[in-house]
Each structure stands twice: as structure tokens, then as C-alpha cells.
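Presented below is the structure to which this report refers.
Just the heavy atoms: all of them, side chains too, but no hydrogens, waters or symmetry mates, feed the values below. Numbered from 1 within each chain, the chains take letters A, B, ... in sequence-line order.
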There are 2 protein chains.
Amino acid sequence: MSSNQSVDRALTVLWILNGLQQATVTEIAEELGVHKSTASRLLAVLEQHRLVVRQPGSMAYELGHGVLQLASTVRSQNDLTRSAQLLVEMVAEHFQLTANVAIRDEIFAVNIAQSAPSKRFFTPRQYVGRRTPGHATSSGKVLLAFADRTVQDQVLSAKLETFTEHTITDPVCLAEEFALTKERGWAVSNNEWDADMTAVAVPLLGLSGTVIAAVSVTGFTHDLPPDTFKTRAEELETLVQRHGRLLE
Amino acid sequence: MSSNQSVDRALTVLWILNGLQQATVTEIAEELGVHKSTASRLLAVLEQHRLVVRQPGSMAYELGHGVLQLASTVRSQNDLTRSAQLLVEMVAEHFQLTANVAIRDEIFAVNIAQSAPSKRFFTPRQYVGRRTPGHATSSGKVLLAFADRTVQDQVLSAKLETFTEHTITDPVCLAEEFALTKERGWAVSNNEWDADMTAVAVPLLGLSGTVIAAVSVTGFTHDLPPDTFKTRAEELETLVQRHGRLLE
DNA sequence: CCTTGAGTTGCATATGTTGCAACTTATGCG
DNA sequence: CGCATAAGTTGCAACATATGCAACTCAAGG
């Protein structure tokens, strides 16, 4: 595997700032395990490229506008993303729940669009771009259930991470879950990733008829009791179909 | 000025991909002026950090989901950004024109939120995160007009880049423009940055009463004739005031 | 089947990066 | 307000590391 120490360190800085929100040169140096002068120089280059900034008057660095610029290219490049954004906004409004569109990235699900309902104050935090576990989220289950056999095997043979007491960690149970999902056409994650959070997801088909993404609604478990799963899933499917099949 | 060659090269790769959308190892190597093996290794590290990806079956790299993840941190970090997004959506809907909120970055304006009207097909392209010239855009003029004297002097003493035949490049004229903007409370850019594009902007005040951002509406010049400037600006100001002062 | 082009890997070299120490700039406390 | 202390930056020498080359793999096409 090819590597490049200084580039690797510099990019790690971005992820550190992603986690900590703010960090000083010294903090970053410690986190990386390098001398502070090294950290200082890495940050200087990142700053020249506007990927990190220092708010005037503060010593601490945070992620900069350059990141936003790069991200807007990723978005606009992708017709699916744009279309997905319109869809989630409609879905969020309809259910008054947080809506997501996710695509598969290896054995993970990555949200590419998210919208929170306009009338609620407390909603799940932003997860756009972040990998979420395929075996513990509703979109992940949908994406994996409709993925190639080889991908499924990859998941089933991996160590399934436990997040809550409801997380499915037994490969046999998970395989059944995939089969069920594929048969009925929707999936649910009931406190499996995050205690007290529940989500329902349905597949989104491309022009060729294959599953290219998953659309989900997420809310506190209180708002999504088990007897509503089926209805929600059917409503969601109707909305998705009305929105039309998206570009592949 | 501190530098770090390999990191600088790696970050330049991101900007190359930002411009070209897609590029192969060889193309990037040529663009950077390095051997293709070097480019290959830089890309490998960027790929490990999910900042670039190769679509399965393609040799070409493009920007990856990691960028989106970093960007979502930048956004959620910033209450202003979130609040601004709601504002621009409302404004875009109201005028059926593209709306932006921009903040000042040195002598430039950086859009932090943008929304295109839902009912139009042809709209200006995405500029979120990108620096726009302070002397040739409506938001730039607002931000500079209300900025410190030292910042204004910096602009007025710099070489003012010409973009169209209407761009204001004379420091004296520009100083007058700032004075006018400050007095009447709004600015306009009439084909000054991009031929055939016109925009009107008003300031956005923070809790302390200082100008923290500019809100603008942009459209083809055809849709924004000079006799509508004043009305648009006043309407825009009303909308902004109704939306309330944002967090500083 | 051979050729051509594009990408990746092993290896030797020297270039570029690192840590140190000295210096400068901020911050906190009496 | 000024000193003390912590945090950040820069010059320099040493050596770790990134680089270019060349050889290799892989894929496509004639």
C-alpha cells in the first residue's frame, strides 16, 4: 500500500478538526505525535489552500471555506445528489421527520442528502457524507439487501459491531433480515444503531431498475412505534415513486 | 512563508479535481509537473482519506464523499450558516431569483448559503465557498462598504481586476460607491462581474448591530432592470428583517 | 499475438521534511 | 501595567522520506 507520510498527516489534521471542531497547533501536534513546529507547518499549507482557517483573534484552527467549495463541486457534479435533495425535502415535510437519501459505499451507507422537518426543534444531527454502519441502519439494510451476493458475504463474514443492545450481530439473523427486506421491499432499524432512534427505509430505483440508493425517515423511537412501520414504508414508497426514478 | 511540497501538491490535486471534475493519474501528473508515480502515490493517500474516489470501472479520479463529510461539519458548526440557509430559501422563493448570503473574507466575499428558485430551469451556477471579488459583486460592495477603514484602504490600493466593461476599476469611483452603499443601505452589481448578470444586496445585522453578512438576489440582467433596483432592495430588506437578526 | 498506453511497485538517490533550539508573539496573573 | 509563562514561528543541520527512474502488470485494440 502506497503511502506518503506528510500528506497523510496533513489529511489526518482535517479529520482531527472534523472531530474536535477547533484545535490549537499544540493539540494537533500531540494528536499526530509530531513536533509542534511540524504541525504548524502542515497547518500553514492547509491554510494557504483555505481548507483550515483561524478566526481573527483566535489561535485555534478550524475547517475553512475551501472545504465548502470543494463540497459544492461534489454536489453539483452529481445529478443524483441534486435530485435527492429535492426528494428528502418533500419527504421531511410530509412526515415531519428527518429524511435521508443514502448510497452504498463498500459495506457502509453514506448519506448524500438530508433534510430536517421545518416545524421541529429537536432533530437528529447532520450525517451527510458520513459512513453509517450497513447492518444497523435502515438504509444500510436496504442497500445491502439489494446488493450483490459478494458484498453481502463481505458483511456477513465481518465482525459486526455492537452499538446498542438491539444491534443485530449474528450473521444468520442478519442474512434473514436481508431476505425479509428484499421480499417486502423495506427495512427498519429499531434502536439498533442509536438507542431511542428508529428509522424506516425503502429502495430508490434507477432508470435500469436496479437499486441505486435508499430513502429513509428517522425519528425518536417514541414517534415511530412498530405498528406504524408498514404504513410509513408504504407512504414513503408512494412519495418516492411519485418523485420519479432518478438518473443513474 | 512555510511550505511543505508534498502536502501542497496533494492539496493542489483537490483543486485540480475541483476544476476538471474528473482526471486520470497522468493528467494530474502533468498538471502538477511531477512524475506519474508521484501523482499515483499522492492520489492513493487522498483516496485512503476518502477525499477522492475512483468510480468502479473508471480509471479517472474525482472528489469523494469525505469532502462532503468535512463540509457538513463546517456547516453545522456555524449557526449563521444554518440560519442563512433558511433565509436564502425563503428569499429565492419570494423573488424567483437565486439568493445568496455572503460573509467577508479579507477583501473578498464568500457565499455561505445559496438557493435557486424552484420554478426556473436556468440559474447561475453554484458558488458556495468560493471567493468572489469584493469590488464587482453586490454582496462584496455591501460587506466592504460597512467594513473597517483599513479593509477599504486595502481594496482601494490594490489593483482592481477588470471582469467586464462595467467593472469599477477606478479607486475614486469605488470609494464613492462604498459611500453611496453605506448611505442608502444597499448595493447593486450591474454586469460588473459577469456580463448579463445583475444582483442587488443588503446588509445582514448581527445582535450587536454590526454588519456580519450580505444577502443578495442575482438574476440575468434582463430580469433585473435598473428601475427595479430600489424596490427589490427594499423588499429584500423587509424579508431579512422579518427573518430576524441572526446569531453573531 | 503482439503492440501500445496507462497505472503501480522496488529501489537508490538527494531532496525535502523534521526536530531541535532560539526567537517572537500572545496570554495570564499579581 | 508589566512581568512571567505559555504558545507559535523560523533558521539550520541531519537524516528520514518522497521522488524519479525503470521494470513490471494489466487492459484494450489492431
Euclidean distance, A:E161 CD relative to A:T167 OG1, rounded to 0.5 Å: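 Nearest 0.5 Å value for the OG1-CD distance: 8.5 Å.
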Per-nucleotide protein contact string for nucleotides 22-30 of chain D, where B marks a base within reach and S marks sugar-phosphate only (heavy atoms under 4.0 Å, - for neither): ---------
Within the 6.0 Å centroid threshold, strictly below: A:H135 and A:F108: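 Between A:F108 and A:H135, which both carry aromatic rings, the centre distance is not below 6.0 Å.
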Out of C:dG7, C:dG19, D:dG8, whichever nucleotide has its closest atom nearest the side chain of B:M59: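 Nearest to the side chain of B:M59 among the choices is C:dG7.
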Phosphate-side-chain proximity, A:R54 and C:dA26, N/O vs OP1/OP2 below 4.0 Å: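 A:R54 to C:dA26 OP1/OP2: no side-chain N or O under 4.0 Å.
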Side-chain N,O (B:S40) to OP1/OP2 (C:dT8) below 4.0 Å: yes
Taking [atom1] from [X] and [atom2] from [N], how many angstroms apart are they, rounded to a whole number?
| X | N | atom1 | atom2 | result |
| --- | --- | --- | --- | --- |
| B:R41 | C:dG16 | CZ | C1' | 15 Å |
| B:L43 | C:dT8 | CG | P | 8 Å |
| A:E27 | D:dA6 | CD | P | 16 Å |
| A:D8 | C:dG16 | CG | C1' | 17 Å |

Test item: side-chain donor near acceptor, A:R131 and B:Q69, under 3.5 Å: no
Distance-only donor-acceptor check, side chains A:S6 and B:S6, under 3.5 Å: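 Their side chains do contain a donor-acceptor pair, which is all the 3.5 Å distance test asks for.
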Donor-acceptor under 3.5 Å (B:T137 side chain, B:T132 main chain):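 Looks like no, no N/O pair under 3.5 Å.
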With side chains defined as the heavy atoms from C-beta onward, is the minimum distance between [X] and [Y] less than 4.5 Å?
| X | Y | result |
| --- | --- | --- |
| B:V7 | A:L42 | yes |
| B:V52 | B:E62 | no |
| A:I212 | A:I103 | no |
| B:L160 | B:I168 | no |
| B:V215 | B:L87 | yes |

B:E192 vs B:K141, salt bridge (Lys or Arg N to Asp or Glu O under 4.0 Å): CA-CA, chis, key distance, verdict: CA-CA 11 Å; B:E192 292 165 37; B:K141 286 180 191 175; 2.7 Å; yes
End-to-end axis angle, where each axis spans five pairs of the helix from C:dC1-D:dG30 to C:dG30-D:dC1, to 10°: 50°
Provide a list of protein-nucleic acid N or O atom pairs under 3.5 angstrom, restricted to nucleotides 15-18 of chain D.
residue: D:dT17; atom: OP1; partner: A:Q5; partner atom: OE1; Å: 3.4
residue: D:dT17; atom: OP1; partner: A:Q5; partner atom: NE2; Å: 3.1
residue: D:dA18; atom: OP1; partner: A:Q5; partner atom: N; Å: 2.9
residue: D:dA18; atom: OP1; partner: A:S6; partner atom: N; Å: 3.1
residue: D:dA18; atom: OP2; partner: A:Q5; partner atom: N; Å: 3.2
residue: D:dA18; atom: O5'; partner: A:N4; partner atom: OD1; Å: 3.3

